[in-house]
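Report on the structure given below.
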There are 2 protein chains.
Amino acid sequence: MATIYDVSQLAGVSLATVSRVMNKNTNVSEKTKQKVLAAMAELGYRPNTFAQSLASNCSNSVGVLVSQLDGPYYGPMMAEIEAALRADNRHVIIAVGHSDAAQEIDSVEFLLSKGCDALILDVEAISDEYLIKLSKSSTPIVLINRYIAEISDCCIYLNNELGGYMATRHLLDLGHREIAYISGPSKKHDAIERLEGHKRALAEVGISYDPALCFEGDYKEDSGVDGMNYLFSQNKTFTAVVCANDQMVSGAISVCLERGMKIPQELSFVGYDNIPFARYVSPKLTTVNNPIHEMGKMAALWLLKNLYKKDVEVANVFEPELVVRNSAIRI
Amino acid sequence: MATIYDVSQLAGVSLATVSRVMNKNTNVSEKTKQKVLAAMAELGYRPNTFAQSLASNCSNSVGVLVSQLDGPYYGPMMAEIEAALRADNRHVIIAVGHSDAAQEIDSVEFLLSKGCDALILDVEAISDEYLIKLSKSSTPIVLINRYIAEISDCCIYLNNELGGYMATRHLLDLGHREIAYISGPSKKHDAIERLEGHKRALAEVGISYDPALCFEGDYKEDSGVDGMNYLFSQNKTFTAVVCANDQMVSGAISVCLERGMKIPQELSFVGYDNIPFARYVSPKLTTVNNPIHEMGKMAALWLLKNLYKKDVEVANVFEPELVVRNSAIRI
DNA sequence: TATTTATGGCGACTATTTACGACGTTTCTC
DNA sequence: GAGAAACGTCGTAAATAGTCGCCATAAATA
């Protein structure tokens, strides 16, 4: 493999000049530049990334830590992050935290040890303190789906409370008054916030929140199944169910269909996230849009702006939007 | 940050000895080893990845190129690759090819320029010739979902023809004789092979393949919708539809349900891939299992064995399996 | 002539790997 | 029992391929 030395020899210039051409920062005459470029082309020269990183202490890589890679949720986010960073010739290194504090910390250390310039984190179990401390170290971090007041500048998040409110409000507007809720895990921030929104909507019309009509799931399809079975076992009446994500709706609806119920005629459902499949299941899901791909893109842009000094606009907080389809009807 | 030099000073040994302790390959006396380890701990020493890569010409990184990151298909694969490589302290760099030859080649070059030790490729548009040439270069590659005879050793693939055969055979066994087919794009290898299997199954029972009952989709939900509308417009009778993947089944079924049809009573469906959602849509899909996560894992193990010299077992070819659920019934 | 611009040259620097060789101890052979 | 070979252990120094900054110098411009 040709080195920068070979290029300088062939072009008849010094090492410094070759470096100047590559990093296009200082003045080089057009003629010299062309000579160097020609030499590079002739030799098929590629700068050695390892040496560049060593000398500049910059790897042009960003570590992305997510809870999981399978499932419908993180793919779109990763896609946007990859695209935005790739367009600026940076690469992304992935790691998985499995929503477990020890594994998440381990993953952060792993990414750091690999020399990432920055980290994009979608973590659930790591404590605020750890993240605050981490953000003060030399490696910048961006948090997706999480708000920590002390480091709010590097947080990209959705107004989950509002989303939870919108879901329930929609059902109330359709005349529903007995509304069950299948929640996400109570240790996850977004699950708590969505439930808060649900409660606020109920309170707004003077309905008191009934814990017996609430089941705590884990965001997976199976817990939608469990939740539905639990709700039916309560011997309480309800005309609608809000689920804290679309996957649990899908599990919940499958239980109803197996019992021969007609959806949405006998029971209305509202989901959350608007995952791609929400449009193709039957009935098509009424759900709250979670602009996860936009947040991924924004996290990448944040780094481009703050770390790599590109001139781009960034936003921190995103608003949910209700997507009305066919799974919830007027009572 | 402490360097290897600091460690050697504190431990009172040479640089080489510290390096030997880290790489535990050559003989170091237990006493010396302990001294070095103690010095490392005291200094909180972390080897500099960039310098390691420069000196050893090995980055411990593997580039993974897939067609897309969103969608239900690649997540499980990436998850397995990440887990297997991570367990051996290697990291994965991702890139997206968008099923386009120019972009795929660009992505390969990109990953190569980033100093990957090896590449895992799930590419559709790149030519066999390019891949054969690439495999002869110094960077090893592994191909997922593709078979090229000349470099069969580094191909990890599914017997797609057999899967296509199984899908149609299942319907034939249930008594169906008029079977429509919604295919994947005719330029994709797996789509062609699956269709071949379909034809073989038909031929086996003496049914001639009718092109009018076949629609070419693009593997996305919407083309399942288009395919179904096309089939209904043909004024031909059919009692079952095979789709070349589950996403198209989902689109196709949604058309039928909107027309008020009962599925599977009026029309049977068989899909392909067994994506997670296949279990939760209604009716639950009868489909052909595509062990994509196992293939991902195998690709990683292949590298562990052939590149990083770990002692593991690898398999190249995977067999599909029919998963019988509720979307296809006896006629 | 003074000032700016372009370029060369040199060396410091980055943190590690690795080939080679040195040194001392053990073991084997005659 | 002595000399030689083998071996384990460890250090030295070269190599890795760039970046970066300083200074000197030459050419172009004002």
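What you are looking at is a predicted structure, and each value in this text was computed from that prediction instead of being measured.
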[X] versus [Y], closest heavy-atom pair with distance:
X	Y	result
A/Tyr130	A/Glu109	OH-OE2, 3.7 Å
B/Gln52	B/Pro47	NE2-CB, 3.5 Å
B/Tyr219	B/Pro185	CD1-CD, 3.8 Å

Take the protein atom [atom1] of [X] and the nucleotide atom [atom2] of [N], then report the distance between them rounded to whole Å.
X	N	atom1	atom2	answer
A/Gln34	C/dA6	CD	C1'	16 Å
A/Lys35	C/dA6	NZ	P	14 Å
A/Gln9	D/dA17	CD	P	15 Å
A/Asn57	C/dT16	CG	C1'	15 Å
A/Leu54	D/dA17	CG	C1'	9 Å

Give me, pair by pair, the N or O atoms of the protein and of nucleotides 9-14 of chain D that are less than 3.5 Å apart, along with how far apart they are.
| residue | atom | partner | partner atom | Å |
| --- | --- | --- | --- | --- |
| D/dC10 | OP1 | B/Ser29 | OG | 3.1 |
| D/dC10 | OP1 | B/Thr32 | OG1 | 2.5 |
| D/dC10 | OP2 | B/Ser29 | N | 3.0 |
| D/dC10 | OP2 | B/Ser29 | OG | 3.4 |
| D/dC10 | OP2 | B/Thr32 | OG1 | 3.3 |
| D/dG11 | OP2 | B/Ser14 | N | 2.8 |
| D/dG11 | OP2 | B/Ser14 | OG | 2.8 |
| D/dG11 | OP2 | B/Thr17 | OG1 | 2.5 |
| D/dG11 | N7 | B/Arg20 | NH2 | 2.7 |
| D/dG11 | O6 | B/Arg20 | NH1 | 3.3 |

- Query: Salt-bridged, A/Asp88 to A/Lys310, with N to O below 4.0 Å?
  - Reply: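 The answer is yes: the pair qualifies as a salt bridge.
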- Query: When you check the gap from the basic side-chain N to the acidic O, do B/Asp106 and A/Arg86 get nearer than 4.0 Å?
  - Reply: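 Salt bridge flag = yes for A/Arg86 with B/Asp106.
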Check whether any side-chain nitrogen or oxygen of [X] sits under 4.0 Å from OP1 or OP2 of [N], and answer yes or no.
X	N	value
A/Tyr5	D/dT19	no
A/Gln52	D/dT19	yes
B/Asn48	C/dT14	no

- Where the side chain of A/Ser56 is concerned, which of C/dT16, D/dG18, D/dT19 is the nearest nucleotide?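 It is D/dT19.
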- Task: Going by the side chain to side chain donor-acceptor pair (under 3.5 Å) test, name the single residue among A/Asp190, A/Asp122, A/Asp128 that passes it with A/Arg146.
- Result: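 With A/Arg146 as partner, side chain to side chain donor-acceptor pair (under 3.5 Å) holds for just one option, A/Asp128.
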